Amino acid sequence: MTVIDPDAQADWVPEAADEDDVEDMPLSMRLSIADTLTLGNATCGFMAVYFTTTGILIPHLTGSNESGMARNSAATAVILMLLAAIFDLCDGLVARKLRSSPMGAELDNLSDLISFGLAPAYFVLVYGMVADDAQQRVSALAAIVVLLAVVLRLARFSCVTLKDGMFQGMPSPFGALTVVSIVLLELPFVPTLLAIVGVAWLMVSRVEYPKPRGVLAVAMLGWIVAAMGLLAAWAFDAPGGQLLLQTGCALQVVMGAVIPLFATARRVNTFRGNRREARAAQLP
């Protein structure tokens, strides 16, 4: 006759129950590959804030004159924002190819808020504290404008249904990189402030931007990698690194200004074409 130890049996039953709990875990609690990339996006945004604080703000407040460390930290912070943009680009591609969990959209919005809302806004705030000709309170106001623009844009993105293949307003990763590029150009304070506010307005505007798919996604990825190279050259004080960085930042700002012009011209042409078709249909 087989004797069963009651204590051993009691220990065995909860283990089976635990296995059943894992199998019955709601799908909303399971992370997909795309969700993991999204969390990488959030991590990069947080680390960008960390390097901006420890490498730029704290040395400035403590009276350190190590400009090289500040340059390296600024480059690292921006590279992390660029890496966050790569994660943001890839998680969408992976989600379309494989799958995403039911909380994927919420994770994406929260991560974008950290990497493309908080991180660039904080970068602008610190710029207002360390730049010679900047005004701290006005810079803080500009940083708040950037942050709120991203918050409003992400909220609208969750509520509004748009036609396939288009964004309404400048995408937050593109807007964040444009804001940072404006700061790195080291223009006079007033033009810098006006340009930053202009980018914030574009993010909440109704200007249509194409989604990065296919060739456009590859081009965007290539541009981000090239920007990382420019930042690395500038950080290590390579010959011509400053000029290369300013050229890359200027191209980013020009793209931010030109795309809305092309979008507006396309809408005008479409409106005119529809009017011509309507008039032709009315003719006998």
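Quick caveat: nothing in here was measured; it's all calculated off a predicted structure.
Residues meeting the side-chain contact (heavy atoms from CB on, under 4.5 Å) test with L243, sequence neighbours left out: T247. Qualifying side-chain contact (heavy atoms from CB on, under 4.5 Å) partners for S205, counting only residues two or more places apart in sequence or in other chains: W201, L202, V207. D112 meets the side-chain hydrogen bond (donor to acceptor under 3.5 Å, both in side chains) test with N41; sequence neighbours excluded. Applying the side-chain hydrogen bond (donor to acceptor under 3.5 Å, both in side chains) test to T192 and every residue at least two apart in sequence or in another chain returns nothing. Listed by chain and number, the residues in a side-chain contact (heavy atoms from CB on, under 4.5 Å) with A217 are L89, P212 (sequence neighbours excluded). For Q246, the side-chain contact (heavy atoms from CB on, under 4.5 Å) partners two or more places apart in sequence, or in a different chain, are L185, Q242.
Taking every heavy atom of both residues into account, A119 and S115 meet most closely at CB-O, 3.4 Å. Heavy-atom minimum distance, A121 versus A143: O-CB, 3.1 Å. Contact detail for G55 and S73: the closest heavy-atom pair is CA-OG, 3.0 Å. Counting all heavy atoms, side chain and backbone alike, A142 lies closest to L193 at CB-CD1, 3.2 Å. Shortest non-hydrogen contact noted between C44 and F87 is SG-CE1, 3.7 Å.
L230 shares a hydrophobic cluster with L244; the chain of contacts runs through ILVMFWY side chains whose heavy atoms sit under 4.5 Å apart. F51 shares a hydrophobic cluster with F46, M47, Y50, L80; the chain of contacts runs through ILVMFWY side chains whose heavy atoms sit under 4.5 Å apart. With side-chain heavy atoms closer than 4.5 Å counting as contact, directly or through intermediates, the hydrophobic cluster containing L148 also holds I144. With a 4.5 Å cut-off between side-chain heavy atoms of Ile, Leu, Val, Met, Phe, Trp and Tyr, the cluster of V215 takes in none.
In this structure, the side chains of T38 and D88 stay at 4.5 Å or more apart for every pair of heavy atoms. At least one side-chain heavy atom of I56 sits under 4.5 Å from a side-chain heavy atom of V130. A heavy-atom distance below 4.5 Å is found between the side chains of S139 and F189. Residues V146 and F116 form no side-chain contact, since every pair of their non-hydrogen atoms from C-beta on lies 4.5 Å or further apart. Counting heavy atoms from C-beta outward, F123 and M81 have side chains that approach closer than 4.5 Å. Side-chain contact between L39 and D35: absent, with no pair of heavy atoms (C-beta onward) separated by less than 4.5 Å.
The side chain to side chain donor-acceptor pair (under 3.5 Å) analysis of residues 117-138, with sequence neighbours excluded, yields the pairs T53-Y122.
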Please tabulate, for side-chain N and O atoms in residues 252-262, each donor-acceptor pair with protein atoms closer than 3.5 Å (sequence neighbours left out).
residue : atom : partner : partner atom : Å
Q252    : OE1  : W223    : NE1          : 2.8
Q252    : NE2  : T178    : OG1          : 3.1

Checklist line | L113/L118 under side chain to side chain contact (heavy atoms under 4.5 Å, CB included): CA gap, chis, key distance, verdict | finding: CA-CA 6 Å; L113 179 59; L118 176 62; 5.9 Å; no

Notebook entry, point to check: Step by step, would you call L154 with S172 a side chain to side chain contact (heavy atoms under 4.5 Å, CB included)?
Noted result: CA-CA 8 Å; L154 294 174; S172 53; 4.2 Å; yes

Checklist line | L83 and I224: CA distance, side-chain angles, deciding distance, side chain to side chain contact (heavy atoms under 4.5 Å, CB included) verdict | finding: CA-CA 8 Å; L83 188 58; I224 292 175; over 6 Å; no

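No side-chain donor-acceptor contact under 3.5 Å links R156 to the backbone of V151. When atom types are taken as modelled, the side chain of R153 and the backbone of M170 share a donor-acceptor pair closer than 3.5 angstrom.
Atom CG of L194 sits about 10.0 Å away from atom CD1 of I182, to the nearest 0.5 Å. To the nearest 0.5 angstrom, C249 atom SG is 7.0 Å from L231 atom CG.
Note on V145: it does not cluster hydrophobically with I114, by side-chain heavy-atom contacts below 4.5 Å among ILVMFWY residues. Cluster annotation: L221 and L82 are assigned to the same hydrophobic cluster (Ile/Leu/Val/Met/Phe/Trp/Tyr, side-chain heavy-atom contacts under 4.5 Å, transitive). Clustering ILVMFWY residues whenever any of their side-chain heavy atoms sit less than 4.5 angstrom apart, transitively, puts I196 in a cluster other than the one holding V204. When hydrophobic clusters are built by joining Ile, Leu, Val, Met, Phe, Trp and Tyr residues whose side-chain heavy atoms come closer than 4.5 Å, directly or via intermediates, L110 is not grouped with L152. Clustering ILVMFWY residues whenever any of their side-chain heavy atoms sit less than 4.5 angstrom apart, transitively, puts V197 in a cluster other than the one holding V180.
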